[in-house]
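Written out below as structure tokens is the structure these notes cover.
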4 protein chains.
Amino acid sequence: MLTPPPWHFSGEVVMVDYRVDPEAARRFLPPGLEPGADPGAAAAVFATWQWCSQDRAELTDPGHCQFGEFLILLSCEFEGRPMARCPYAWVDQAVPMMRGWVQGMPKQLGVVHQSRPVTVGRAGSRLAPGGRFDGALSVRGRRVVEASVTVERSTDRPPALHDVPLAHTLVFPEWTSSGGGPRPRLVASQVSDVEFSRIWTGSADLKIFQDLEEDFGTLAPLEIGEGHVFSYGETLHGGRLLSD
Amino acid sequence: MLTPPPWHFSGEVVMVDYRVDPEAARRFLPPGLEPGADPGAAAAVFATWQWCSQDRAELTDPGHCQFGEFLILLSCEFEGRPMARCPYAWVDQAVPMMRGWVQGMPKQLGVVHQSRPVTVGRAGSRLAPGGRFDGALSVRGRRVVEASVTVERSTDRPPALHDVPLAHTLVFPEWTSSGGGPRPRLVASQVSDVEFSRIWTGSADLKIFQDLEEDFGTLAPLEIGEGHVFSYGETLHGGRLLSD
Amino acid sequence: MLTPPPWHFSGEVVMVDYRVDPEAARRFLPPGLEPGADPGAAAAVFATWQWCSQDRAELTDPGHCQFGEFLILLSCEFEGRPMARCPYAWVDQAVPMMRGWVQGMPKQLGVVHQSRPVTVGRAGSRLAPGGRFDGALSVRGRRVVEASVTVERSTDRPPALHDVPLAHTLVFPEWTSSGGGPRPRLVASQVSDVEFSRIWTGSADLKIFQDLEEDFGTLAPLEIGEGHVFSYGETLHGGRLLSD
Amino acid sequence: MLTPPPWHFSGEVVMVDYRVDPEAARRFLPPGLEPGADPGAAAAVFATWQWCSQDRAELTDPGHCQFGEFLILLSCEFEGRPMARCPYAWVDQAVPMMRGWVQGMPKQLGVVHQSRPVTVGRAGSRLAPGGRFDGALSVRGRRVVEASVTVERSTDRPPALHDVPLAHTLVFPEWTSSGGGPRPRLVASQVSDVEFSRIWTGSADLKIFQDLEEDFGTLAPLEIGEGHVFSYGETLHGGRLLSD
């Protein structure tokens, strides 16, 4: 079902910076990760991706190489180095969901929609001051997240939480009475060829609905920061053990 | 379920010019439409749309304002004026499907996928010479159409079959023994604010699979022409009777 | 896309009797229909269907002949005869949606799920006292209706609102400036070969969520009656004009 | 995302016995499993499931507790004991897909449809001589498997390949340069409370389409045996290591 890495990704991102209760965020950090210099900093990230393996074969089948994603990122540190932790992620295709588990990222299946910037016609916003871009996540027939960004200006500075390594946890499920695989291990994703477009930034709104599950609800926004709309590319090569 | 027109549309199009058996094409033309100067000229059109009503309210709900579409266009004439006839169309959302029937366009529900040009990263083609863009249609779990365009150059000249009015047939289904509505009537879509991006043009491939139904199979390509990739916007206001 | 009637239907039904504000119900009755002897009587009906045309050809393609449905029924009368009016209906397939519009029933597309009685194993309820059966409707990623029935006894008496004719309104959309088809007309569905299984009846619960649209919210339950679980078959032949 | 076992299952099964090239089947058997007494014996199994955890909480959410499945079973032996090997499986929900990987079963995501026996009306077959029941699998918009069973008689004898333990392989993906988990291990599913309904048996048809992937195509039928339609329940507790 899965090809071996490296995997290439090209995506369109709608992202909202926000703040959660630092104590709630801390409960999602495993041993080895610390809240760091900015506890409670978080981001809600919608992305529309294309992906392919090294031989780029998947690109000729557009129903196979595309998927939508929503994830929450929490600011953290490992041995003093800024990183991000992803406590929740949803994608709308099976292959990226399985690939998430392989890399220690707890991806679930959901329905993700996101505005597309337009360049002609009136049915959408242009990437220009005043343009509005929305994202929405539904899980099992219920609305779970809604985000909206109205862009005002463009910069070259990537959003902080989209510009640090992700620290995941490799988990091996226990199935037999003689145990599963080894104990959980912290791992950082190994990424190259990172490429950002101009970053369009402006005001934002974010709703995290409370009826999915109790733990998810603790990550509701205390304060909403700026929103960002941009294109992003990277190549994912594998993982590097942070601790053993 | 449906808002009143006008409806605005902004879309990304992957389109292949091709030729069908002129006699097969003629069988899809109702009384009043003639094969015209170029009998057998046809196009296979994939499009990814955003749409909205006059107040643009739908744009804040990206799962509502987006849909994918595939349609076949056949060259024809009405009283000497070049037009296009759409014998088959599929969309992946209910609202545009119903809206199709209201305007006399026989839209069905299918699964439509189409490559998205990228500007960063390696998972996709840029809109530049050598870029490849694919489309695929599946209906009830079977692959029905595959198209591929490799763009080579850009122009300002819209593809011929995407630049003429569409001639549909308003049909009122018969449900009671006392009959349905009036007899079928030819109608032309009333469109304004047409906007094209640069048109990227190049070589193309097109497969029309034979196992959907016999009539659809008669529209398989005898010859494959150029392919086009472009953005397109329009506003649809209603219909104008061609004959009564 | 549609075969001509007659169409055969075999379904599994989970249904809840309830009461709405009689004034709210009256606003959904067109001229010609009266509230009747029991104003405010309503039902919420989940059904899992198989259907086929006269030659039964669709039955060999299970993805084509199956669909789920949810509808609201309101008690009413036409010239003193008890009937039911359906102000809202959702199905999860395109063919029954279009067929609804042909017969004057305003069907939309939604996601419908409904418990299946089991006869072996522990993952479900048997059709026996204490068995619980649920239904759920989501529309555009939001939960809209939830129903639950716990059956206590079985009878041969069909639920009142499932045993009267449906009065629909044939509507011909206006598309050209010269008007659409004729004015709306009241029509009753012509049904034969009605067959009920034993009716399992018991206590019920029903939630109608308020955030779909204002009009739908006015049909929320003031009082919840009994619930019913049963199998039902019929053949639908066409419509009969109630008024012209 | 996953609750701990035990998990209860209640399902409706449409199954076709058939024979594959014994050499092709052997290529799907890992070290430790032997072709056994009946090399080349295989089965194609469609099932419509409900499932729940020990507290049965999922049953109140019918969109969560239901899924469809298709799998291929190959006859084999472990240390002389008859077992079945599953080289391919597809389900239409994310939770059973992930649960498959946890137990060493390579489940992918597909679209599965299967006839439902009816007890009233004309839109389907009754479980009685002459009744026909179909299954269909599509993967990424392409038809992959079609099966059909026409039942003739009922028995109490379960189909051979549905009445032996399944031997899966626990695999721990390698993600970091320091390796993944331990090497793959053979494991048998631990099942209790197995319950069969009467087994309806008759003639069958089976098509395995060749365009999914080369390896899958090697499991196409050389000979088609009988088909079976029945209900089945079990409780799955975990896995037992066959070898270490």
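Labels below follow one simple rule: chain letters A, B, ... track the order of the sequence lines, proteins then strands, and each chain is numbered from 1.
Each of A:P62, A:C52, A:S53, A:C65 has some count of heavy-atom pairs under 4.5 Å with chain B, and the biggest count is that of A:P62. Of all the listed residues (A:S231, A:S138, A:A136, A:G11), the one sharing the greatest number of non-hydrogen pairs under 4.5 Å with chain B is A:S231. Comparing B:V111, B:T60, B:D193 by how many heavy-atom pairs each has under 4.5 Å with chain A, the most go to B:T60.
For A:W49, the part lying under 4.5 angstrom from a heavy atom of chain B is the backbone only. Heavy atoms of A:R116 lying under 4.5 Å from chain B belong to its backbone as well as its side chain.
Under a cut-off of 6.0 angstrom, the local environment of CZ in A:R153 is crowded, with over 12 non-hydrogen atoms contributed by other residues, nucleotides or ligands.
For a heavy-atom cut-off of 4.5 Å, chain B lies close to A:R143 in residues 142-151 of chain A. For residues 118-129 of chain A, the interface with chain B (any heavy-atom pair closer than 4.5 Å) comprises A:V118, A:T119, A:V120, A:G121, A:R122, A:A123, A:G124, A:R126, sorted by residue number. Residues of residues 195-203 of chain B having a heavy atom under 4.5 Å from any heavy atom of chain A, listed by number: B:E195, B:F196, B:S197.
A:Q114 and B:Q66 make their closest contact through O-NE2, 2.8 Å (heavy atoms, listed as atom of the first residue, atom of the second, distance).
Applying the ring-ring contact (aromatic ring centres under 6.0 Å, His included) test to pairs two or more places apart or on separate chains, those with a residue in residues 89-135 of chain A are A:Y88-A:W90, A:W90-A:F216.
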